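To find a chain, count down the sequence lines: A is the first, B the second, and so on, and within it residues start at 1. What you see is a predicted model; the values in this text were computed from it and never measured.
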Number of protein chains: 2
Amino acid sequence: MSIDNDGKFKKANFTHIIEDDIINEDEMLKLDNQLCFALYVCSKEIIRKYKPILEPLGLTYTGYITLLALWERDEVTVKDLGNRLYLDSGTLTPLLKKLESQGYIERIRSTLDERNVLIKLTTAGRDLKTKAYRIPRDLICSANIEATDAKSLLSGLHQFMEQIIDK
Amino acid sequence: MSIDNDGKFKKANFTHIIEDDIINEDEMLKLDNQLCFALYVCSKEIIRKYKPILEPLGLTYTGYITLLALWERDEVTVKDLGNRLYLDSGTLTPLLKKLESQGYIERIRSTLDERNVLIKLTTAGRDLKTKAYRIPRDLICSANIEATDAKSLLSGLHQFMEQIIDK
DNA sequence: CTCAATTTAATTGTATACGATTAATTTTCT
DNA sequence: AGAAAATTAATCGTATACAATTAAATTGAG
């Protein structure tokens, strides 16, 4: 328990000691101190900036990251895709049906294990990657992102995710 | 334009020069290099961890951050709340109606300017703050978050948001 | 003073997102 | 082999989220 300037005990359940700072509980409830809120706003705002860039390709942000995953590894199950994208079948099934209707992927029930549906890029889906090369650049430009800041933030996030995921 | 080891020009539209690294466009399209995807996954996973903590109070994450905003500044318009939460009236109106039905807030059409609807905490809404004090601690605990990491990530995010918002 | 422009919240339509459940299939246990 | 358990994708219900539009009120220009 800590003792403040005038020598009185602080009530333990009203203070946290983090490094050198004492942060009281009112501070902890301020929006500016919410890590999750900052993450949430940041991701939403960037996704908004993706919108006009992805729109010419007929893609939403979720469709885009699904294709990113498939360009890395193709002919995978819905389950595998969900693990990589942190999405479940409730989200993926309608999304994949749309990408199929757009001609970017095929959904093929596996014959080896009929529980599995394999997701496979079509030629059009594979070819789309060529057009996608400009997307990261266009985003960095339109969102005014500094590459160095983005890189350090990204590595901080990866480290953080290691901590919190599956705990 | 850069020249590589064997003296040939690299195709400018296939390379980026960032600091000392040359990152080719295939790398740029990998999920692990997507800052937005990391933000998006991180915020979703943390919001998932909030769920069981907020559920006893009858709150969703959006309801929670709305109350956080109101505990800081009360009797505000929907517009003001939207500016602070980065949400528009399409999201807020139904959310605020629900918080009203739960007895946490009142929605009062302003008499000074009848376009405005003022959002005002009820006594129950103000009293809920006492129960909310434990939420940040509970989350940090259940999500296994290191306070020092969270603090540095948060400051990195605030700095980043300065860059990208309203550009 | 009056009409056009602006502002505000609500509404509508579309797209996510996830928990829970379901149906079909496969695996495991005995 | 055969029943129980586990796995997979799909479905259902609920909650976000946002762009675009609408309706009402206020402001501003002439």
Side-chain angles (χ1 to χ4, degrees), chain A residues 36-37 39-52 54-55 58-66 76-102 105-120, chain B residues 36-37 39-52 54-55 58-66 76-102 105-120:
Chain A
C36 183
F37 179 64
L39 293 165
Y40 159 87
V41 170
C42 246
S43 74
K44 281 197 313 172
E45 292 300 313
I46 301 181
I47 288 170
R48 185 206 310 283
K49 289 176 195 298
Y50 267 111
K51 220 159 270 179
L54 296 175
E55 202 250 349
L59 294 175
T60 61
Y61 183 70
T62 326
Y64 173 59
I65 59 174
T66 303
V76 293
T77 64
V78 174
K79 182 81 174 177
D80 175 83
L81 212 44
N83 287 339
R84 288 194 281 154
L85 296 173
Y86 295 86
L87 294 171
D88 72 2
S89 66
T91 304
L92 282 174
T93 296
L95 172 67
L96 294 170
K97 282 180 179 172
K98 196 191 167 196
L99 288 173
E100 186 180 40
S101 79
Q102 291 176 298
I105 64 166
E106 285 179 302
R107 297 161 63 243
I108 304 158
R109 182 70 63 172
S110 167
T111 48
L112 268 81
D113 183 340
E114 296 206 356
R115 288 170 305 183
N116 291 319
V117 167
L118 296 176
I119 307 302
K120 199 170 172 310
Chain B
C36 183
F37 179 64
L39 294 164
Y40 160 87
V41 170
C42 244
S43 74
K44 280 198 313 171
E45 292 300 314
I46 302 181
I47 288 170
R48 185 206 308 284
K49 289 175 194 299
Y50 267 111
K51 220 159 269 181
L54 296 175
E55 201 251 350
L59 294 176
T60 61
Y61 183 70
T62 327
Y64 174 59
I65 59 174
T66 303
V76 292
T77 62
V78 174
K79 181 83 174 175
D80 174 82
L81 213 43
N83 287 339
R84 287 194 282 153
L85 296 173
Y86 296 85
L87 294 171
D88 73 1
S89 67
T91 303
L92 281 175
T93 297
L95 173 67
L96 294 169
K97 283 180 178 173
K98 196 192 166 195
L99 288 173
E100 185 181 40
S101 80
Q102 292 176 298
I105 64 165
E106 286 180 302
R107 296 163 61 246
I108 304 157
R109 183 70 63 173
S110 167
T111 47
L112 270 83
D113 183 341
E114 297 207 357
R115 290 171 302 182
N116 291 319
V117 168
L118 296 175
I119 308 302
K120 200 171 169 310

task: In whole angstrom, give the distance that lies between atom OH of Tyr61(A) and atom P of dA19(D).
output: 16 Å
query: Does the side chain of Thr93(A) get closer than 4.0 angstrom to OP1 or OP2 of dT11(D) through an N or O atom?
result: no
- request: Look at Asn116(A) and dA9(D) and indicate whether a side-chain polar atom (N or O) is within less than 4.0 Å of OP1 or OP2.
  value: yes
- prompt: Between dA10(D), dA15(C), dC18(D), which one does the side chain of Arg48(A) approach most closely?
  reply: dC18(D)
task: Establish whether the base of dA10(D) is bridged to the side chain of Ser89(A) by a donor-acceptor pair shorter than 3.5 Å.
output: yes
Sugar-phosphate, base or nothing in reach of Leu81(A), heavy atoms under 4.0 Å: nothing
task: Kindly point out which of dA19(D), dT11(C), dA9(D) is positioned nearest to the side chain of Lys97(B)?
output: dT11(C)
task: Measure the distance from CG on Asp88(A) to P on dA17(C) and round it to the nearest whole Å.
output: 11 Å
- prompt: Please walk me through it: do Tyr86(A) and Phe37(B) pass side chain to side chain contact (heavy atoms under 4.5 Å, CB included)?
  reply: CA-CA 10 Å; Tyr86(A) 295 86; Phe37(B) 179 64; 4.2 Å; yes
query: OP1, OP2 of dA17(C) versus side-chain N and O of Thr62(A): anything below 4.0 Å?
result: yes
field: Closest to side chain of Arg115(A), choosing from dA10(D), dT16(D), dT8(D)
entry: dT8(D)
message: Rounding to an integer number of Å, can you tell me how far Lys51(B) NZ sits from dT16(D) P?
response: 9 Å
message: Over all strands shown, is Leu92(B) touching base, sugar-phosphate only, or nothing at heavy-atom distances under 4.0 angstrom?
response: nothing
- request: Just compare dC18(C), dA17(D), dA10(C) and give me whichever is closest to any side-chain atom of Leu87(A).
  value: dC18(C)
task: Would you check, one step at a time, whether the test side chain to side chain contact (heavy atoms under 4.5 Å, CB included) holds for Thr62(A) with Leu92(A)?
output: CA-CA 9 Å; Thr62(A) 326; Leu92(A) 282 174; 5.9 Å; no
task: Starting from P on dT7(C), measure out to CG on Asp113(B) and report it in whole angstrom.
output: 12 Å
field: dA10(C) phosphate, OP1 or OP2, under 4.0 Å from Arg107(B) side-chain N/O
entry: yes
- prompt: Is the count of non-hydrogen atoms from other residues, nucleotides or ligands lying under 6.0 Å from Lys79(B) atom NZ greater than 12?
  reply: no
field: Parallel, tilted or perpendicular: ring planes of Tyr61(A) versus Tyr40(B), cut at 30 and 60 degrees
entry: perpendicular
Between P of dA9(D) and CD1 of Ile105(A), the distance in whole Å: 13 Å
- request: Tell me, with the steps shown, if Arg48(B) and Glu45(B) meet salt bridge (charged side-chain N to carboxylate O under 4.0 Å, His left out).
  value: CA-CA 5 Å; Arg48(B) 185 206 308 284; Glu45(B) 292 300 314; 3.0 Å; yes
- line: When rounded to whole Å, the CG to P distance for the pair Leu95(B) and dA17(D) reads 9 Å
query: Can you name the one residue among Leu99(B), Leu59(B), Thr60(B) that meets side chain to side chain contact (heavy atoms under 4.5 Å, CB included) with Thr66(B)?
result: Leu99(B)
- line: Here the distance between atom P of dG19(C) and atom NZ of Lys49(B), to the nearest Å, is 11 Å
field: Nearest-nucleotide 5' precedence on DNA chain C, Glu114(A) against Thr91(B)
entry: Thr91(B)
statement: Between NZ of Lys44(A) and P of dA15(C) the distance, given in whole Å, is 19 Å
query: What is the nucleic acid contact for Leu112(B), judged by heavy atoms within less than 4.0 Å: base, sugar-phosphate only, or nothing?
result: sugar-phosphate
